[in-house]
Amino acid sequence: MGKDDLARELDFEGVLAELLGRVGSRVCIDVGDCDERGPPLVMCVVGTLAGGTTVSSYSGHGEAIFFHLGEQPESGVFLNPAHFKCAAIELNGDLSIDLGGVRVVVAPAPQRVGT
């Protein structure tokens, strides 16, 4: 996340609010490395953001919020304040989140063709 690419920085609560505002929208969740030496994209899931669920025991790191996809309830993104570093809404509207070196980008999904 370069400073020139940012429209607005967010704290953890701001990220949660932004994701809640996108519930019901079709999104693309991209996961990659924040470090330019690592892979920029290692995973991508697309679906309708269905909501957040609190997960009380998240790999021994306290509570996390799991934002899942409606069509694929096992797919989504875990957000834990212990791993949260920074986040921003980019100028193009994408939500970019740094979770301790892992970059998660939540963006509007491309329109489906023929539906």
Side-chain angles (χ1 to χ4, degrees):
M1 285 185 283
K3 288 284 184 192
D4 295 338
D5 300 328
L6 305 181
R8 181 170 46 106
E9 291 187 24
L10 300 172
D11 60 9
F12 187 77
E13 290 76 21
V15 169
L16 297 179
E18 183 65 32
L19 286 170
L20 287 172
R22 296 180 187 211
V23 166
S25 299
R26 192 165 157 74
V27 298
C28 177
I29 301 173
D30 294 339
V31 180
D33 193 335
C34 287
D35 188 338
E36 292 180 7
R37 294 173 286 154
L41 183 65
V42 294
M43 186 184 84
C44 175
V45 293
V46 176
T48 303
L49 194 62
T53 304
T54 301
V55 179
S56 60
S57 179
Y58 173 69
S59 301
H61 295 281
E63 286 190 346
I65 310 295
F66 179 59
F67 279 89
H68 61 278
L69 302 176
E71 303 90 340
Q72 306 162 26
E74 303 85 11
S75 298
V77 61
F78 285 95
L79 298 177
N80 183 308
H83 297 120
F84 178 81
K85 299 298 180 199
C86 61
I89 302 292
E90 297 178 7
L91 291 176
N92 63 2
D94 293 356
L95 172 59
S96 181
I97 309 163
D98 179 344
L99 298 172
V102 175
R103 183 176 182 193
V104 176
V105 177
V106 180
Q111 295 294 328
R112 292 183 190 182
V113 178
T115 58

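Of all non-hydrogen atoms in V46 and A109, the two that sit nearest each other are CG1-CB, 3.7 Å. I65 approaches G52 most closely through the heavy-atom pair CG2-CA, 4.1 Å. Between C34 and V102, the closest heavy-atom pair is SG-C, 3.7 Å. In plain terms, the two heavy atoms of L10 and R8 that are nearest each other are CD2-NH1, 3.3 Å. Closest heavy-atom contact between E63 and P81: O-CD, 3.8 Å. Across every non-hydrogen atom of G101 and D33, the tightest pair is O-OD1, 3.3 Å.
V42 and I29 fall within the same hydrophobic cluster, defined by Ile, Leu, Val, Met, Phe, Trp and Tyr side-chain heavy atoms under 4.5 Å apart, directly or through other members. If you chain together hydrophobic residues whose side chains sit under 4.5 Å apart, V105 and V23 never meet in one group.
Not counting sequence neighbours, the partners of D94 by the side chain to side chain donor-acceptor pair (under 3.5 Å) test are N92. Considering only residues two or more places apart in sequence or on other chains, T53 meets the side chain to side chain donor-acceptor pair (under 3.5 Å) condition with none of them. Every residue two or more places apart in sequence or in another chain that forms a side-chain contact (heavy atoms from CB on, under 4.5 Å) with L19 is listed here: V15, L49, F67, L79, L95, V106.
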Exercise. Please walk me through it: do V45 and V31 pass side-chain contact (heavy atoms from CB on, under 4.5 Å)?
Worked result: CA-CA 9 Å; V45 293; V31 180; over 6 Å; no
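At least one side-chain heavy atom of V27 sits under 4.5 Å from a side-chain heavy atom of L69. Within the 4.5 Å cutoff, side-chain heavy atoms of C44 are placed close to those of C28.
When R22, E71, H68 are each tested for a side chain to side chain donor-acceptor pair (under 3.5 Å) with T48, only one passes: E71.
Rounded to the nearest 0.5 Å, atoms CG (D11) and SG (C86) are 11.5 Å apart.
Within the structure, ring pair (Phe, Tyr, Trp, His ring centres under 6.0 Å) pairs that include any residue of residues 7-35 comprise F12-F84 (at least two apart or interchain).
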